[in-house]
Amino acid sequence: MVVDLVVDRIVAGGTGLAQLDGLKVFVPFAAPQERVRARLKVRKKDYAIAEIEEILEPSPIRVKPSCPYFGECGGCQLQHISYEGQLVVKKLIINDALQRLGRIFVPVSNITAESVQWRYRNKTQYPVRFDRELKIGFFERGSHHLLDIPVCLLHPESFDHLSRVTKRAMAEAKERTYDENSHQGNIRHLVLRSSEQDPGILVMVVTRTNSLNPIVVKHLAEQPGVAGVVQIVNPKRTNRILSQTARTLTGQDHLLHKILNKTFRVSALSFFQVNTGKAAELCRKVLKHVAPQGNETVLDLYSGVGMISLILADFVDSVTGIELDPSAVADARFNAEHNSISNVRFVAGDVDRAIDRIEKADIVVLDPPRKGCQPQTLKKVAELKPGKLVYASCNPATLARDMKILAELGYQAQTIEPVDMFPQTFHVEIITQLTPKK
Ligand SMILES: C[S@@+](CC[C@H](N)C(=O)[O-])C[C@H]1O[C@@H](n2cnc3c(N)ncnc32)[C@H](O)[C@@H]1O
């Protein structure tokens, strides 16, 4: 069925939302306030999904997407909206989540325009598949069908080159791609990371078996900028890359990143913010909200390679970081030593349990993964009675949920400051400061 719709706004996930006789209709790649002719593809009891067939009256903030794969590839959702428009859209998405899911009515700050809107990612994870031909690219939007994408405008051009080199080398070496259905074949993913160093590219080849043809390694290692080639063996059916073991095949097994006045070793498997420039802004904002006096005991939950812990360490009495991933904990400890910082310690373990052993925290910083925090963990945080919480989140929905729980535990949001870490996509980083209710 084809219908004419007026798109009201963009909602979480980056799709447009329109109404059809009281039914919510999600319209991917629509822009706010435009009239579209769209075909209903999915119709459920309380919502529908429609694909645009024709734009009848374009939104004033609609622009021509820069990437030829936009709309087909699942990576970006907002390239059809001007950059300034994207910032307004993201602020509205945050407001909506906070008010609807969190019952939080604290004003959200305007998002500062990021000068680097393209090629900002320092990490790309490509699935590698054979589907009539060898494909290295990204999944089609909403499907498990891999698109062969030779150029992506969100990461360095060197990544495009390395994906082409991998294809040629795999063909020459007769390396087979992994097949999910039969659980046969070998190469599953190509993961590329970069830093400002020279050489500053780490190549990771994720395989099912322990073997990897040396021809592939040789071709990758000799490319300009490549600092090391690492193999990650994942023999399981799951696609998870983390928590596997990494084997260095040539060169280094890590990259170095400079954030503010500190240098961070980031090993192949460790988490690091994907937008290095904006990671510095994230740290500055966390520091501003912590507003240290010099004598505080800080607890940094989900501490990764210690980025926030080590930046704060200069300004407070002591910092304890808690992190689950052993690779990140090893990096964090190394980073403390190599930045000559002695007032931090890193606890390896699950925050949900390791927090039981913490006795004192004047300030707690939380920077969890997208799924946010467990309610029990938030309860334990509140029981420590910190004078301030600084919560960094990359998911407005889980942040809103957690802020609601924190409000019930007596912590009230003071400020909500987004950082545009992920231009062209619906993703956004948010930093909030909470203090005990008076
Ligand atoms: C968004 S990252 C933040 C890392 C760090 N704060 C930074 O900015 O680089 C989340 C981190 O939480 C870790 N993590 C995930 N679940 C965890 C858990 N249950 N307990 C402890 N750490 C966890 C991940 O390994 C990852 O390093």
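Remember, it's 1-based here, ligands and their atoms both numbered in the order they're listed. Any value given below was found using the heavy atoms of this structure, including those in side chains, with hydrogens, waters and symmetry copies removed.
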Worksheet item: Is it the case that Arg188 places NZ or CZ above or below the six-membered ring of Tyr178, under 6.0 angstrom from the centre and within 45 degrees of the axis?
Response: yes

Discussion item. Would Val351 count as a polar contact of ligand 1, with the cut-off being nitrogen or oxygen pairs under 3.5 Å?
Written reply: yes

Worksheet item: Would you call Asp350 a ligand 1 contact, heavy-atom distance under 4.0 Å?
Response: yes

Worksheet entry | Met307 neighbourhood, listing ligand 1 atoms whose heavy-atom distance to it stays under 4.0 Å | 8 (O)

Response to the item:
Any heavy atom of Pro368 under 4.0 Å from ligand 1? The part involved is backbone

Fill in: N/O donor-acceptor pair under 3.5 Å between Thr177 side chain and Phe130 backbone
yes

Item to complete: Heavy-atom distances under 4.0 Å are what count here, so tell me which part of Phe271 touches ligand 1: side chain, backbone, both or neither.
Response: side chain

Item to complete: Kindly identify the option in Leu324, Asp367, Asn395 whose heavy atom sits closest to atom 3 (C) of ligand 1.
Response: Asp367

Practice prompt. Classify the angle between the aromatic ring planes of Phe272 and His257 as parallel (below 30°), tilted (30 to 60°) or perpendicular (above 60°).
Written response: parallel

Worksheet item: For ligand 1, which atoms sit closer than 4.0 Å to a heavy atom of Gly304?
Response: 4 (C), 5 (C), 27 (O)

Worksheet entry | Test item, Ala328 contacting ligand 1 (heavy atom, 4.0 angstrom) | no

Discussion item. Has Asn186 got a side-chain atom pairing as donor or acceptor with Thr209's backbone, closer than 3.5 angstrom?
Written reply: yes

Worksheet item: Short question: side chain of Asp300, backbone of Ser309 - any donor-acceptor pair under 3.5 Å?
Response: yes

Practice prompt. Compare Glu429, Arg353, Glu323 and give the one whose heavy atom is closest to atom 24 (C) of ligand 1.
Written response: Glu323

Worksheet item: Would Phe159 and Tyr126 count as a close aromatic pair, with their ring centres under 6.0 Å?
Response: no

Worksheet item: Which ligand 1 atoms does Gly349 reach within 4.0 Å, using its non-hydrogen atoms?
Response: 20 (N), 21 (C)

Worksheet item: In ligand 1, which numbered atoms sit nearer than 4.0 Å to a non-hydrogen atom of Asp325?
Response: 25 (O)

Practice prompt. Give the contacting part of Ser303 toward ligand 1: side chain, backbone, both or neither, where contact means a heavy-atom distance below 4.0 Å.
Written response: backbone

Worksheet item: Does Asn335 reach the main-chain N or O of Val305 with its side chain, forming a donor-acceptor pair under 3.5 Å?
Response: yes

Practice prompt. Kindly say whether His219 contributes a backbone atom to a donor-acceptor pair with the side chain of Gln223 at under 3.5 angstrom?
Written response: yes

Worksheet entry | Option set His257, Gln273, Arg370, Gln374, criterion heavy-atom distance to atom 7 (C) of ligand 1, minimum | Gln273

Worksheet entry | SB check Lys380 Glu383 (cutoff 4.0 Å) | no

